[in-house]
2 protein chains.
Amino acid sequence: MPRKSSAADAPLRLDNQICFAVYSAAHAFNRVYKPLLDRLGLTYPQYLVMLVLWERDDVPVKDIGERLFLDSGTLTPLLKRLEAAHLVRRTRSSEDERQVLIALTAQGHALKEKARSVPQSILAASDCSVPELVAMRDEIVALRDRLNAVIGE
Amino acid sequence: MPRKSSAADAPLRLDNQICFAVYSAAHAFNRVYKPLLDRLGLTYPQYLVMLVLWERDDVPVKDIGERLFLDSGTLTPLLKRLEAAHLVRRTRSSEDERQVLIALTAQGHALKEKARSVPQSILAASDCSVPELVAMRDEIVALRDRLNAVIGE
DNA sequence: GCACATTCAATTGCGAACAATTAAATGTGA
DNA sequence: TCACATTTAATTGTTCGCAATTGAATGTGC
């Protein structure tokens, strides 16, 4: 028997999965961002780190990681690339030698001005009203936070 | 002047970004899936490929790529790992020698039964009603499709 | 039939992402 | 004080994800 598609298979159907919706939307965002961020010389994760630093500077790697849900295994090499691009400086804290503080260079600060056009371009690409996007964002954040709550038991 | 947070900066604020909501939710899903998929011996992208194959077998790499929005650079090594795990077979099509057809092995088919408990666990972790999840999924898919439409000019 | 373009998978190189481990600095309790 | 645990980044190794290129097979237009 050729295994006809059955109702019992619905939970395993790709297009029914919310995780795949989220996964594929994340990649779609990445592809839209790519040409915009190329002009800034940033990758998407690097852009996220810069967003954090543009809000507050001179913070330990740990803080950036907590904000972005990333660990040092991801951030250490990424921050070294930003340092090589002269956008940030990495210095050991003198109060606590375990911490490495990340500070923006003048170039890093200046890049913020060039980045201001990015959110507008993304808004246009999403072809969606701001209130709709805000509502979706809040729902997705709430879902993410519930998922993260499960991970910490 | 110490650059106080200003309303002009709102579009660049991390927590205002829907892309970051999606990006961080995708990673949260990945972390919830990890222990469940470890028991199947699969990574999350490998699980997605298996979902595609459990729906329809004996398809070219191209079809899997279109379904998952992934290219051969990602899929070729991933499929070789699934082959090494004896879950799929890779054979050149005889009608069109350019294509490589991916077929499930008996083990690959059998794994579907072990996978049936996964969606239920994810539903529980998301701590959300099915109608809510379905609504969110459809919104996210619609957004993804609009973003993908922009990429193809 | 033949030059040419197109399609498809594979390959190479780079940048995430994370698990697991390491090493150094700091904190804590007896 | 001193043994011990904790915190913090860095490191190593594996797997994605994609751009760019390659090479073989197929399709096409003349």
Chemist: In a table with atom names and distances, give each donor-acceptor pair under 3.5 Å that connects a side chain of residues 133-141 of chain A to protein atoms at least two apart or in another chain.
Modeler:
residue : atom : partner : partner atom : Å
R137(A) : NH1  : N16(B)  : O            : 3.2

Chemist: Residues in salt bridge (charged side-chain N to carboxylate O under 4.0 Å, His left out) with R90(A), at least two apart?
Modeler: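 Testing R90(A) for salt bridge (charged side-chain N to carboxylate O under 4.0 Å, His left out), a comparison that skips the adjacent residues, returns E83(A).
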Chemist: Under 3.5 Å, side-chain donor or acceptor atoms of residues 117-125 of chain B against the rest of the protein: list the pairs with distances, not counting sequence neighbours.
Modeler:
residue : atom : partner : partner atom : Å
S121(B) : OG   : S117(B) : O            : 3.2

Chemist: Whole Å only: how far is the CD atom of E83(B) from the P atom of dA10(C)?
Modeler: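 So the two atoms are 10 Å apart, to the nearest Å.
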Chemist: Measure from CG on L37(B) to P on dT15(D) and round the result to the nearest Å.
Modeler: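 My rounded result for the distance is 15 Å.
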Chemist: Distance check needed: dT15(D) C1' versus L48(B) CG, whole Å only.
Modeler: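 Computing the L48(B):CG to dT15(D):C1' distance gives 14 Å.
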Chemist: Can you check the L79(A) CG to dT8(D) P distance for me, whole Å?
Modeler: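 Rounded to the whole Å, the gap is 16 Å.
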Chemist: In chain order, what residues pass the salt bridge (charged side-chain N to carboxylate O under 4.0 Å, His left out) check against R98(B), with sequence neighbours excluded?
Modeler: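 Only D96(B) meet the salt bridge (charged side-chain N to carboxylate O under 4.0 Å, His left out) criterion with R98(B).
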Chemist: Can you find a heavy atom in the side chain of L48(A) that is under 4.5 Å from one in the side chain of L70(A)?
Modeler: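 Side chain of L48(A) against side chain of L70(A), heavy atoms only: no contact under 4.5 Å found.
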Chemist: Could you tell me the separation between the CG atom of L68(B) and the C1' atom of dC18(D), rounded to a whole number of Å?
Modeler: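 Going from L68(B) (CG) to dC18(D) (C1'), I get 15 Å.
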Chemist: State which residues pass side chain to side chain donor-acceptor pair (under 3.5 Å) with K34(A); sequence neighbours excluded, sorted by chain then number.
Modeler: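 Testing K34(A) for side chain to side chain donor-acceptor pair (under 3.5 Å), a comparison that skips the adjacent residues, returns D38(A).
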Chemist: For E55(B), which residues count as a salt bridge (charged side-chain N to carboxylate O under 4.0 Å, His left out) partner, sequence neighbours excluded?
Modeler: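 Partners of E55(B) by the salt bridge (charged side-chain N to carboxylate O under 4.0 Å, His left out) criterion, ordered by chain and then number, come out as R67(B).
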Chemist: Contacts to DNA chain D from residues 86-100 of chain B, heavy-atom cutoff under 4.0 Å, which residues?
Modeler: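 Within residues 86-100 of chain B, the residues near DNA chain D are E95(B), D96(B), E97(B), R98(B).
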Chemist: Among all residues two or more places apart in sequence or in another chain, which pass the salt bridge (charged side-chain N to carboxylate O under 4.0 Å, His left out) test with E66(A)?
Modeler: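 Partners of E66(A) under the salt bridge (charged side-chain N to carboxylate O under 4.0 Å, His left out) test: K62(A).
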Chemist: Just by protein heavy atoms under 4.0 Å, how would nucleotides 11-21 of chain C read 5' to 3' in B, S and -?
Modeler: B---SSBBS--
